[in-house]
Number of protein chains: 2
Amino acid sequence: MKKDNSTEEKIKQAAKEVFISKGFAGCSTREIAKASGMNVALVNYYFRSKSQLFALIFNAAMEDFTNTMVEVFGRDLSLPEKMRILIDKEYDFLSKHPELPAFIINETNRESGISFTNAGFFEKISQTGIFEQCIEAQQKGEMREIDIRNMTLLILSNCHYPFMSKNMMKSMLKIDSNQWKEAIELHKTHVTELLVNYLFPKK
Amino acid sequence: MKKDNSTEEKIKQAAKEVFISKGFAGCSTREIAKASGMNVALVNYYFRSKSQLFALIFNAAMEDFTNTMVEVFGRDLSLPEKMRILIDKEYDFLSKHPELPAFIINETNRESGISFTNAGFFEKISQTGIFEQCIEAQQKGEMREIDIRNMTLLILSNCHYPFMSKNMMKSMLKIDSNQWKEAIELHKTHVTELLVNYLFPKK
DNA sequence: AACTATTTTAAACAGTTGTTTAAATTATTT
DNA sequence: AAATAATTTAAACAACTGTTTAAAATAGTT
């Protein structure tokens, strides 16, 4: 049937890069076609429309985006251990994919944007048993009384924002890329202590 | 001379709203013209080009964006007091302008985007004397040994991200706008304690 | 009043946008 | 080898993009 399935894959790969770095509104189908070495008609031949191709990319990105959390929460570890490992893994992952948080948040905010099926994030997190583990830890007095939503927001804020704000911080603080890299590496240790100390205070 | 200076002002006001909510790439000059009740030619008559109008809006937004920090740091207060007031004021400000952080960060990340003169942010912050106050507090042992850049990043992460991520969080956590509002109000208190406790630990 | 400068308008411009068409090419099946 | 199906191409489409033009309308000056 298919002469060369790598055409479809090439377009998808190029679309991923272009969409994530420029956003839906910031690029054209012709740009994606050129980046993949194909022509415009092929983009719509394989994916029907710019919007449908985008939805594909977005949902995959969302999957990657929430993967680490689901994976780490699902392990058999204490909460402070999970927290430390999660932050470490998030910083690792985002060092390789620094554009992802801004992409997700942007496109989620775009009017008439993605339908955002949520891809069952809440359910996946729920199935890890993290909620029960938190409630239990709170009853034992090992964890601060904090809504799980606020805990999530604290984690995401301190993991995502440093990468999203790279260019802004470089300009505001007048630092170059090397200094930023140093600052980020140091920042990870601050964030870890900050969150662990706050969420699991020693009496 | 000017028949009606409100024309220029109307366009500027409409441009501000449209640019901030849709971004430079996400809107057209015709959309701005229509939003202001004027026509396309007038936009370029008063502002020469979409880019120049955008630069005007962006720089003003950047000014608003960094205002609170400069203002609070310039007061005659202790560092923990400044921190508490700053967070309170940031949450107040961002409740009224929730789209601003995402706008600034997005446009700062856009390729061939704004020249971003920085508007002397670093100098303005420096002139408040906050750096010296931090060093002094650290020498007295009242403040944790932390680079001022990392301190800044901690503050911005925990103030900006909650507002930028509103739609994402609503979807991920399956909550409505009222629940989000409650969560944000609560979050402010968490962030305040989190940061004050970390930066100014009691021995 | 006539004249000048400023503001507003409608129309046009060249280029780009997402998408579709129909023909050409290639692969697969018979 | 012939017939069928899948893939690729170049070209076209209508709508929209930022910007400019020249004429019309208005305001200000003499």
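Quick note on labels: first sequence line is chain A, next is B, and so on, each numbered from 1.
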Under 4.0 Å protein heavy-atom contacts per nucleotide of nucleotides 12-24 of chain C, with B for base, S for backbone only and - for none: B----BBBB----
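By the salt bridge (charged side-chain N to carboxylate O under 4.0 Å, His left out) test, A:Asp88 pairs with A:Lys188, sequence neighbours left out. With sequence neighbours excluded, no residue forms a salt bridge (charged side-chain N to carboxylate O under 4.0 Å, His left out) with B:Arg30. Partners of B:Glu81 under the salt bridge (charged side-chain N to carboxylate O under 4.0 Å, His left out) rule, at least two apart in sequence or in another chain, do not exist in this structure.
Counting only residues at least two apart or on different chains, no ring-ring contact (aromatic ring centres under 6.0 Å, His included) pair has a member in residues 70-89 of chain B. Counting only residues at least two apart or on different chains, the side-chain hydrogen bond (donor to acceptor under 3.5 Å, both in side chains) pairs with a member in residues 12-22 of chain B are B:Lys22-B:Glu31.
Looking at A:Ser177 and A:Lys170, their side chains do bring a donor and an acceptor atom within 3.5 Å of each other.
Between the P atom of D:dT7 and the CE atom of A:Met38 lies a distance of 13 Å, rounded to the nearest Å. Between the P atom of D:dA24 and the CG atom of B:Leu42 lies a distance of 18 Å, rounded to the nearest Å. Atom CG of B:Asn39 and atom P of C:dT9 are 5 Å apart (whole Å).
A sub-4.0 Å separation between OP1 or OP2 of D:dT8 and a side-chain N or O of A:Thr7 is present.
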